[in-house]
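Before any comments, here is the structure.
Being a predicted model, the structure only gives us computed values, none of them experimental. Chain identifiers are assigned alphabetically (A, B, ...) following the order of the sequence lines, protein sequences preceding nucleic acid strands; residue numbering begins at 1 within each chain. For the numbers below, each heavy atom of this structure counts, side chains included, while hydrogens, waters and symmetry mates do not.
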There are 2 protein chains.
Amino acid sequence: MGRRSDHSRQELRDMIITEGHRQMTANGYASFSARKVAKRIGYSIGTIYNIFGTLDDLVLAINGRTLDLWREYLEARLDNLEQGRLQQAVEAYFEFAVLHRNAWNAVYDFHLPEHEEPPEDYVEKVVAIKNVVVEEIAAALPAGRREEAVSLSYSLLATVHGHCFFTLNGTFKILGETNPLNAAIARVEDSIAALKNDCRPSES
Amino acid sequence: MGRRSDHSRQELRDMIITEGHRQMTANGYASFSARKVAKRIGYSIGTIYNIFGTLDDLVLAINGRTLDLWREYLEARLDNLEQGRLQQAVEAYFEFAVLHRNAWNAVYDFHLPEHEEPPEDYVEKVVAIKNVVVEEIAAALPAGRREEAVSLSYSLLATVHGHCFFTLNGTFKILGETNPLNAAIARVEDSIAALKNDCRPSES
DNA sequence: TGCAAAATTGATCACTGTTCAATAAAATAA
DNA sequence: TTATTTTATTGAACAGTGATCAATTTTGCA
């Protein structure tokens, strides 16, 4: 058949991602299926594959949507905030993950085949989230050390991520840690304090 | 049939885990299959299910094996080491993950069904790794603050984990971070320094 | 020996990702 | 308008998956 009159190709692509993201959020990566998405939007399995080529590409598109929503969530939480921006940023990082745990986990459960690179627009979305964080770290640093903000941001992002990950996957529960969010914030503040108190250039 | 004369039930269980771990290491979580394990050890698919009940339980057993090997790797690297134990611990954490990336990822790719608890012996293995870390953190702290070692250990474990995770999943590559190991060590030292320099009890 | 208990099987089911010839609809040309 | 080309869509077919369980075979014991 030809194009159904009521959907452009781009609109259809978007429909699939939206419904896919809905199912990912509801049921998680493990029980995600392209067929279920197709059925729900009233198209056949073949159409999904015509548009995305591969299940991996569909999952990447859905995860990309999650990254977009995540960044928007961070930005909204920081909008017009005067005090405690850094703490709010960490809190928002956690909150989004808890609120959308299935979709958030899917971002990290999915792995590209070895030696394959993520598509450019996916990379951009990751970088966009990083930029939100770099901004806040830079603002928290003493004026003379802001050029270290970028490299420190990578590291503090990983620090917060680790705490968030252990919260969602149950490791902190096993270990008996009861306030991971505070712990994450404390670690971030430790490193910023270290940079403030110290005259040596920070490692990494 | 009855028991094959050459394998006790426990030995068979172990065979399955060993071969499962081998395949997990070689091919990763995404293409892991109980049938392939069965075929490789010369048993039928039914036997796997008789012994483990569920694919989840088999995966948990395989991941448990990974945790055992990981702890042994950490302990071996720290054995009889006088100086720089903490740095070595972090380095060993990374090294094991890189060396066994598929098996290591499987530990975190797998999720129990919501509201289900991990089996006791799995919990013990996680705690055992944590204990190795607690030991090293405690030794690095000033004598008077060692009671804070446990709670700080959870947090620093998460910190190192985050750096290790971003190394393996390619996030650091996207961001342009080139020396994640050094960054992780620097973060750990930041927090230990914060506790040393500060008189307030540490948060978290 | 015979018999009960334990271990092992694999066909069967409902599902998955993936492919691709066949088909139907729309766009364009005549 | 009609004919033709281009594009979009389909779903049967294939090989694989986790899971089940009646039937079967082996073993240990009386």
Protein-nucleotide distance (A:Asp57, atom CG; C:dT18, atom P), rounded to Å:
9 Å
Residues 48-56 of chain A side chain polar contacts: donor-acceptor under 3.5 Å, at least two apart:
none

Please name all residues satisfying side-chain hydrogen bond (donor to acceptor under 3.5 Å, both in side chains) with B:Arg22, sequence neighbours left out, ordered by chain then number.
B:Glu19
Taking OP1 and OP2 of D:dT10, is either one under 4.0 Å from a side-chain nitrogen or oxygen of A:Ser44?
yes
Which whole-number value in Å describes the distance from A:Leu12 CG to C:dA26 C1'?
16 Å
Once side-chain hydrogen bond (donor to acceptor under 3.5 Å, both in side chains) is applied, do any residues pair with A:Glu75, and if so which ones, sequence neighbours excluded?
A:Arg71
Just how far, in rounded Å, is P of C:dT19 from CD1 of A:Ile51?
16 Å
Just call it for B:Leu58: base, sugar-phosphate, or nothing, with non-hydrogen atoms closer than 4.0 Å on any strand.
nothing
For nucleotides 13-20 of chain D, 5' to 3', base contacts (B), sugar-phosphate-only contacts (S) and non-contacts (-) with protein non-hydrogen atoms under 4.0 Å give B---SBBB
Starting at CE of B:Met15 and ending at C1' of C:dT8, how long is that distance when rounded to a whole Å?
14 Å
Whole angstrom value for the distance that separates P of D:dG11 from OH of A:Tyr43:
13 Å
Is it the case that more than 12 heavy atoms not belonging to A:Lys125 sit under 6.0 Å from its NZ atom?
yes
Please report, rounded to the nearest Å, how far the C1' atom of D:dT26 is from the CZ atom of B:Arg9.
13 Å
Separation of A:Asn50 atom CG from C:dG17 atom C1', in whole Å?
14 Å
Side-chain donor-acceptor contacts of residues 103-111 of chain B below 3.5 Å, not counting sequence neighbours, with atom names and distances?
| from | atom 1 | to | atom 2 | distance (Å) |
| --- | --- | --- | --- | --- |
| B:Asn105 | ND2 | B:Arg101 | O | 3.2 |
| B:Asp109 | OD1 | A:His111 | NE2 | 2.9 |
| B:Asp109 | OD2 | A:His111 | NE2 | 2.8 |
| B:His111 | NE2 | A:Asp109 | OD1 | 2.8 |
| B:His111 | NE2 | A:Asp109 | OD2 | 2.9 |

side-chain hydrogen bond (donor to acceptor under 3.5 Å, both in side chains) involving A:Gln88 - partner list, sequence neighbours excluded
A:Arg77
